[in-house]
Amino acid sequence: MSLLKRIERTQQTVVEQPSKLRELRVRRQPTAPARDAYLDLKTRVQNRLIAELDPKMDISQTDEVRSTIEELFDSILVEENIILSRAERQRLFEQIVAEILGYGPIEPLLADESITEIMVNGAKSIYIERHGKLEKTNLNFESDEHALRIIDRIVAPLGRRIDESSPYVDARLPDGSRVNAIIPPLAINGPTLTIRKFSKTPLTVEDLIEFGTITPEAVEFLKACVYARLNIIVSGGTGSGKTTFLNVLSGFIPNDERIITIENAAELQLRQDHVVTLESRPPNIEGKGEVTIRDLVVNSLRMRPDRIIVGECRAGEALDMLQAMNTGHDGSLTTAHSNSPRDTLSRLETMCLMAGMDLPVRAIREQISSAIDLIIHTERFRDGSRKVVNITEVQGMEGDVIVMQDIFLFEQTGIEGGKIIGRLRPTGIRPKFMPRLEAANIHLPPSVFGVGERFRF
C-alpha cells in the first residue's frame, strides 16, 4: 500500500490515555480539558506532518519512513514552539507513527509479547488477555469511524473487505496473528475486533512441557504416533490452545514429506521446507469467487500430498477430510471445537451431515472409526492455564457405537495459590495400534504407559 493511500486511511485524531508522567505526579485521571488540549496538540502536529510527507514514499521501508517522520516531527515542534518533556515528546511521536505506519491505539498492545489476545469491543472499550486472564486497558479509539479505518487497514492488503454487505471477516496480520472483525449492524456496540496474537518465535514442545501443558512421556508417545502416520484430531474449546498444539505436533513430521496446510486464515508456522500453504477465499462483492475449505481439501488430493493439515474442520469439509484419511493419506492432522473426545466424534457426525449427503448415521460412524486413530483434547482451566486433558484412542465399532479408550488422562490433585495442580498420567493401557508403531520401527517401552522405568525414544 502506498503512503498516499495509507495517509488517506489515517485518522486525524486519536483519544489516548494521559501521559504516565502526569499520572505519577497527580495520581488521578486528567480532566476533560487536559485531554482535549492533548488531543488538539496531537491533531495539529499530525495534520502538519501528513501534509509535509512525500506521498510517493515506499511505506515498506519502515526504518527510512520512520526516520523521515522523526525529522519532520522535530522541526514542526521547533517551528510551533511546542515544549514537551522527553517522555511526553516520545509518547506523542510514537502515537503519530502508529497512526501512519501501524494500527493506531492497539499498536503498543501488538508489540507487548506478554499479551496473547486483544479484544476491541467498540471504540471506547479495549480488553487484553495476559497470562490467561482478561484485563481492561485505558486505551481507546476516538470514534467508530477510527476503529473502522484500522480494521480496513488490516484486511485490505489481504484482498478482503468489510462493509455493511459483508459485515464480518477473518484475516491475519503480517506476523500470522489471527484476526476476526465484525461491524454494525451486526455488532451493536460498534466495530468489534479480536486479535489472537502469535508468538514471534513459535512455541516448542519444550515450552509446553515447561508450562505443564503436557508431560515428556506423552510427548514421546505423540511423537511416535505422528511419525507412524496416525490420523490425529486436536479438540478443545475456544482459546484452549488447539492451533498451537497442532503446530507443535506438525513439527514431528519428517522433513522429507510434502505437507499441504489448509486454513481460513493462514496461522500455522511449520518449520519444514516442503510446505504448501492454502487459504480459503470469501466471495467478492458480487457474491462470486468463493473458495471454501472443502474446495481446497478436494483440490489438495490432486497435489500429491504426504500429509494434509486442515487448520479447523467446521462444516462439510469434515466428510472430505475423512475420505482423504480413508484413501491413503495417512498422517493427516486437524482440529475441531468440542467439549470432550466423545463430543468430538458427535461433532464430526454432524459436520459430515452438513456436507449435504444423505448418508445413514452408521455409515458416517464407520468412516469416522476407520479414519481417526487418536483424539487429543485440550482445555483452558479457570486459572488461565492450558493443558492436554485426554489422549484417547479410537478403537473401532461395536454395534452402532464407536469404542474409545483413554491412553493418557489428566488427573487434578488440587488448587494451590489459585493454580490448578495436576498431571497428565498414563492409564496403563496399551493402544491397539501398537503394531503400526512397531511396523514403523518404533518400539516404546512399557514405561511410556506407566509401567517400569523411565522410557527412552
Side-chain angles (χ1 to χ4, degrees), residues 154-163 165-173 176 178-182 196 231-235 242-243 246-247 249-250 253 257-270 272 274-338 344-345 347-359 363-364 367-368 370-372:
I154 292 172
V155 303
L158 302 175
R160 305 196 175 193
R161 63 189 177 87
I162 186 165
D163 50 42
S165 63
S166 179
Y168 57 89
V169 67
D170 285 319
R172 54 183 162 79
L173 295 177
R178 183 171 64 196
V179 177
N180 175 268
I182 183 167
R196 174 75 55 79
N231 294 321
I232 300 174
I233 291 183
V234 181
S235 64
K242 298 185 300 298
T243 304
L246 179 65
N247 205 63
L249 279 183
S250 67
I253 299 175
E257 296 188 15
R258 177 176 169 86
I259 306 168
I260 297 180
T261 68
I262 302 171
E263 302 171 85
N264 272 324
E267 299 177 71
L268 294 173
Q269 300 167 294
L270 273 66
Q272 289 87 346
H274 200 166
V275 178
V276 178
T277 303
L278 304 181
E279 189 176 69
S280 64
R281 186 178 69 185
N284 60 22
I285 197 168
E286 298 174 351
K288 300 178 180 179
E290 180 180 17
V291 180
T292 65
I293 293 286
R294 186 176 184 185
D295 296 330
L296 294 177
V297 170
V298 173
N299 185 78
S300 70
L301 302 180
R302 307 185 185 99
M303 297 175 65
R304 201 268 177 213
D306 284 313
R307 308 265 185 159
I308 299 173
I309 302 178
V310 178
E312 183 179 344
C313 283
R314 291 188 176 96
E317 63 268 11
L319 180 60
D320 297 288
M321 187 70 189
L322 291 176
Q323 294 295 305
M325 291 176 174
N326 273 323
T327 52
H329 296 91
D330 295 333
S332 298
L333 307 171
T334 188
T335 71
H337 279 83
S338 71
T344 302
L345 299 184
R347 281 216 68 219
L348 281 174
E349 288 181 29
T350 303
M351 289 188 286
C352 289
L353 293 172
M354 292 169 68
M357 303 292 182
D358 189 17
L359 296 173
I364 294 174
Q367 288 285 312
I368 292 172
S370 176
I372 307 300

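Small disclaimer: the values here were computed from a predicted structure and weren't measured.
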With no hydrogens and no angle check, is any side-chain donor or acceptor of N231 less than 3.5 Å from a backbone partner on S332?
yes
Apply side chain to side chain donor-acceptor pair (under 3.5 Å) to D295 and T292, showing your working.
CA-CA 5 Å; D295 296 330; T292 65; 3.1 Å; yes
Interatomic distance, CD1@I293 vs CG@N264, rounded to 0.5 Å, equals 4.0 Å
Under 3.5 Å: donor-acceptor pair, side chain of T327, backbone of A324
yes
Counting N and O atoms only, with roles assigned by atom type, does the side chain of R160 sit under 3.5 Å from a partner on the main chain of D170, one being a donor and the other an acceptor?
yes
When every non-hydrogen atom of L319 is compared with those of A355, the smallest separation belongs to CD2-CB, 3.8 Å
Going from SG on C352 to CD on E317, what distance comes out if it is rounded to the nearest 0.5 angstrom?
10.0 Å
Looking only at atom types and distance, does a side-chain atom of T344 sit under 3.5 Å from a main-chain N or O of S338, one as donor and one as acceptor?
no
OG on S300 to CD1 on I309, rounded to 0.5 Å
11.5 Å
For the CE atom of M321 and the CG atom of L333, what is their distance to the nearest 0.5 Å?
7.0 Å
Of all the heavy-atom pairs spanning N326 and Q367, show the shortest one and how long it is.
ND2-OE1, 3.0 Å
How long is the span from the OG1 atom in T350 to the CG atom in L345, to the nearest 0.5 Å?
11.0 Å
Using modelled atom types only, decide if a donor and an acceptor are shared between the side chain of Q272 and the backbone of I259 within a distance under 3.5 Å.
no
Go through the structure and list residues passing side chain to side chain donor-acceptor pair (under 3.5 Å) with T243, not counting sequence neighbours.
none
Heavy-atom closest pair (M325 atom, D330 atom, distance to 0.1 Å) is O-OD1, 3.6 Å
Run the side chain to side chain contact (heavy atoms under 4.5 Å, CB included) check on I372 and L322 step by step: do they pass?
CA-CA 8 Å; I372 307 300; L322 291 176; 4.0 Å; yes
Taking every non-hydrogen atom, the tightest pair across C313 and M351:
O-SD, 3.3 Å
Going by the rule side chain to side chain contact (heavy atoms under 4.5 Å, CB included), which residues pair with P283 if we only count those two or more places apart in sequence or in a different chain?
E290
Which pair of non-hydrogen atoms, one from G311 and one from L246, has the smallest distance, and what is that distance?
O-CD2, 4.3 Å
Using a 4.5 Å cut-off on heavy atoms from C-beta on, say whether the side chain of I368 contacts that of E349.
yes
Counterpart residues, side chain to side chain contact (heavy atoms under 4.5 Å, CB included), relative to R281 (two or more places apart)
V291
Which heavy atom in M303 sits nearest to a heavy atom in V276, and how many Å separate them?
CE-CG1, 3.7 Å
Just to verify, what does D320 make a salt bridge (Lys or Arg N to Asp or Glu O under 4.0 Å) with, not counting sequence neighbours?
R294
Sequence neighbours left out, what pairs pass salt bridge (Lys or Arg N to Asp or Glu O under 4.0 Å) with at least one residue falling in residues 301-312?
E257-R307, R304-D306, E312-R314
Candidate list L270, T261, V275, test side chain to side chain contact (heavy atoms under 4.5 Å, CB included), partner S250, passing option:
L270
Applying side chain to side chain contact (heavy atoms under 4.5 Å, CB included), run through H337 and K242 and close with a yes or a no.
CA-CA 9 Å; H337 279 83; K242 298 185 300 298; 3.5 Å; yes
Rounding to 0.5 Å, atoms CG (L296) and CD (E279) come to a distance of 9.5 Å
Excluding sequence neighbours, so at least two apart, what forms side chain to side chain donor-acceptor pair (under 3.5 Å) with T335?
none
